[in-house]
Structure formats: C-alpha cells, structure tokens
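In what follows, a structure is listed as structure tokens, so that the remarks can point back to it.
Along the sequence shown, residues carry numbers from 1.
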Amino acid sequence: MIFKRNISLLTLLFLFCTLSSFAQGYKVKRIVIDAGHGGNKPGASGSFSKEKNVALQVALKLGRKFQRDMPGVQIIYTRKTDVDVSLYRRAEIANNAKADLFISIHCNSMPDRRVVTGHTMRKGKRIPRYGYVKNKVTRGTETFVAGSHRLNEQDIAIRENADAALEKDYKKNYNGYDPKDPETFIILSLFKNLYRDKSLRLARLMQNNYTKKNKRLNRGVKEQGILVLQRCGMPAVLTEIGFISHPSEESYMNSASGQNEIVSAIFDSVKTYKKETEVK
C-alpha cells in the first residue's frame, strides 16, 4: 500500500512538473483565425451586409497583418472563402494544427423589437396590431471564452494537444503512459483551467483595446458554453466586433478604416498577450 502510494505521488509530481513546464515554455507560434459562419449560414444580417462576409474580410485582413508584422507566427484559417465549415471542423482544424491560440471573428445582432403599429376593433373591443422594427440602439463589442460549466467538453481536445508532450517524456522515464489512469484526469483538469485563464487574459486585452484605442462601447468579457470554444484544446476566444443591426456600427464594420481599427485592436492584444505569457 505504501509502495502504491509512493508511485501515485511520483506520478502526480510528474504531472504537475509537466504542467509547470508547459506553462513556462508556452510560446505563441501558431494561431488559427476563424471567420464565423459562411456558405449557406450567413449569420446575422444588417441593412446592407451579412455577418459571414464582414467576418471573413476582417479575418483575412487580420491574418495578413500577422504575416506582415509578426512573421514568426504561423497563421491558419478555418476558411478563406464563402464556404460553410461546421463548428466541429473549425475546432478540429485548430486541434490538428496544434495551435497555440484560436480567435473567432463574429458580428453581433439584436432581434427586431415587437411594437404596436395600430389597433383594430373586434366585437366592440380595441385589439392592438403588432409589427416588428429593427433594434437600432444596442451597440458595442464583447468577447467570449468557454464557460466553466462546460469545461468537461475540452477533455478530448486537450488530450489531442497535450498528450504528445506528456507521452514523450513519460514513455522514456516511466515506461509507458496509461490514459485510463485516474491521475491523468488531474492534469487534464489543470490544463483546462490554464487554458481558461489564458483565454480570459486575451479577451480582456481585446476589450481594453476596443475601448481605449477604437473608442468603442465595452460590453465586457463573458463566459458562455459556445461549442467551438469548448472543443478547442488551447486558449480560445470568440470576439463580437460590433452590432450589425446598429446602422452606424454596420457602416463602421464594413468600412476599410473601421476594419483596420478592429484588426489593429486584435493584433495589438495578441502582441501584448504574447509578451506577457511567453517565457524564454
């Protein structure tokens, strides 16, 4: 029993050391940029544009800026044209590439408001007649990270991304790595929390840049059970760059100057994140 306990402690020590090594050796070498929606899934619609097109334009411009100003980082797109890519496939692309960051670009929207447009008389009673008008009030940016209440969905993705590093040393020093070992799940849990912390850090930097540099309304960083984020085995964010249902924000997101400002805000946040999190 004592021998078994010692083995267990050694395993835990190894796992904690591996996590520490990962955290200290973390470098942003590969980024996946995900343009939301596409193909027969247009996403939200404004008065003259669709989310899928705006997201793709911003994603491609962001990728080109990374390639120009941060050439040491490899950029991978989930789509470069107007095609539909499933949420599972988007996360799979990032996991298969062993990406260090996943950034998903989206536009927000508010549903039409139900309003009284008139009245009719029926059996002596005044009955309201309803219609719908565009919500032209709500605006601003917000960035999402995976909700902690669904972190268990990251287990498979984390195994795909982390096990290679774990297994390499473990097979060499401990003669094998057993994925069914209960202690494995301890390290998976630690990795999930590490990814969540890094995702929150990047999301806050993005929102801060939108507000201070672009003078946009800050709707905050939020945690939500968004499928594509749950399936990514790396720090991941989904950023809503504005409300396509708001006339001035739709125009801003479709303009060259507006897109350039959005791209700069995201790029600078990654640049700061990279500087703050990487250990040489």
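A distance of 5.5 Å separates CG in Leu62 from CD1 in Ile266, rounded to the nearest 0.5 Å. Atom-to-atom distance recorded for Thr277:OG1 and Tyr273:OH is 4.5 Å, nearest 0.5 angstrom. To the nearest 0.5 Å, atom CD1 of residue Ile226 and atom SG of residue Cys232 are 11.0 Å apart. One distance of note links CG of Asp84 with NZ of Lys41; it measures 4.0 Å at 0.5 Å rounding. Put simply, NZ on Lys274 and CG on Leu101 are 10.0 Å apart, with the number rounded to the nearest 0.5 Å. Rounding to the nearest 0.5 Å gives a distance of 11.5 Å between OG of Ser199 and CG of Leu238.
Hydrophobic cluster membership for Met110: Phe243 (Ile, Leu, Val, Met, Phe, Trp, Tyr linked by side-chain heavy atoms under 4.5 Å, directly or transitively).
Remark: Arg68 CZ is packed, more than 12 non-hydrogen atoms of other residues, nucleotides or ligands lying under 6.0 Å away. The environment of NZ in Lys271 is sparse: at most 12 heavy-atom neighbours from other residues, nucleotides or ligands sit within 6.0 Å.
Proximity of a side-chain donor or acceptor of Asp100 to a complementary backbone N or O of Lys29 within less than 3.5 Å is detected. Between the side chain of Asn96 and the main chain of Ala91, no donor-acceptor pair closer than 3.5 Å is present. The closest donor-acceptor contact from the side chain of Arg90 to the backbone of Val85 lies under 3.5 Å. With hydrogens and angles ignored, the 3.5 Å screen pairs no side-chain donor or acceptor of Gln67 with any backbone N or O of Ile75. The backbone N or O of Ala35 lies less than 3.5 Å from a partner atom in the side chain of Arg79, making a donor-acceptor pair. Asp34 places no side-chain N or O within donor-acceptor distance of the main-chain N or O of Ile103, the cut-off being under 3.5 Å. With Arg30 contributing its side chain and Ala94 its backbone, the two residues share no donor-acceptor pair below 3.5 Å. Between the side chain of Arg216 and the backbone N or O of Ile241 there is at least one donor-acceptor pair closer than 3.5 Å. Not a single donor-acceptor pair under 3.5 Å links the side chain of Glu51 to the backbone N or O of Asn108. Listed for the Ser49 side chain is no donor-acceptor partner under 3.5 Å among the backbone atoms of Ser45.
Thr239 is not listed as a side-chain neighbour of Thr141, based on a closest heavy-atom distance of 4.5 Å or more. His246 places none of its side-chain heavy atoms less than 4.5 Å from the side chain of Val137. A heavy-atom distance below 4.5 Å is not found between the side chains of Val237 and Leu229. Looking only at side-chain heavy atoms (C-beta outward), Glu261 and Lys213 stay at 4.5 Å or farther from each other. By the 4.5 Å heavy-atom criterion applied to side chains, Ile33 and Ile76 are not counted as neighbours. The shortest side-chain heavy-atom distance between Asn260 and Lys61 falls under the 4.5 Å cut-off. Residues Lys98 and Met234 have side chains not in contact (no heavy-atom distance under 4.5 Å, counting atoms from C-beta outward).
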### Task
Show your reasoning for whether side-chain contact (heavy atoms from CB on, under 4.5 Å) applies to Ser264 and Lys65.
CA-CA 8 Å; Ser264 292; Lys65 184 166 181 63; 4.1 Å; yes
### Query
side-chain hydrogen bond (donor to acceptor under 3.5 Å, both in side chains) between Glu240 and Thr143: does it pass, once the steps are laid out?
CA-CA 6 Å; Glu240 301 274 9; Thr143 301; over 6 Å; no
#### Entry: Audit row: Asn208, Ser269, side-chain contact (heavy atoms from CB on, under 4.5 Å) steps and yes/no
CA-CA 8 Å; Asn208 186 60; Ser269 68; over 6 Å; no
### Task
Go through the steps to decide whether Met253 and Cys107 satisfy the test side-chain contact (heavy atoms from CB on, under 4.5 Å), and finish with yes or no.
CA-CA 9 Å; Met253 290 186 293; Cys107 301; 4.0 Å; yes
### Stepwise side-chain contact (heavy atoms from CB on, under 4.5 Å) test for Lys52 and Asp82
CA-CA 8 Å; Lys52 66 174 185 177; Asp82 184 19; 3.0 Å; yes
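Inspection of the Gln207 and Glu142 side chains reveals no N or O donor paired with an N or O acceptor under 3.5 Å. Counted by atom type alone, Tyr252 and Gln259 present zero donor-acceptor pairs between their side chains at under 3.5 Å.
No salt bridge links Glu92 with Arg231; every basic N to acidic carboxylate O contact stays at or beyond 4.0 Å.
Here ring-ring contact (aromatic ring centres under 6.0 Å, His included) pairs that include residues 53-108, with residues two or more places apart or in two chains, are His37-His106, Phe66-Phe267.
Across all their heavy atoms, Glu250 and Ser47 have their closest contact at OE1-OG, 2.8 Å. Heavy-atom minimum distance, Pro235 versus Tyr195: CD-CD2, 3.6 Å.
Residues Met206 and Leu217 do not share a hydrophobic cluster, clusters being chains of Ile/Leu/Val/Met/Phe/Trp/Tyr side chains in contact below 4.5 Å.
Residues forming a side-chain hydrogen bond (donor to acceptor under 3.5 Å, both in side chains) with Lys50 (at least two apart in sequence, or on another chain): none.
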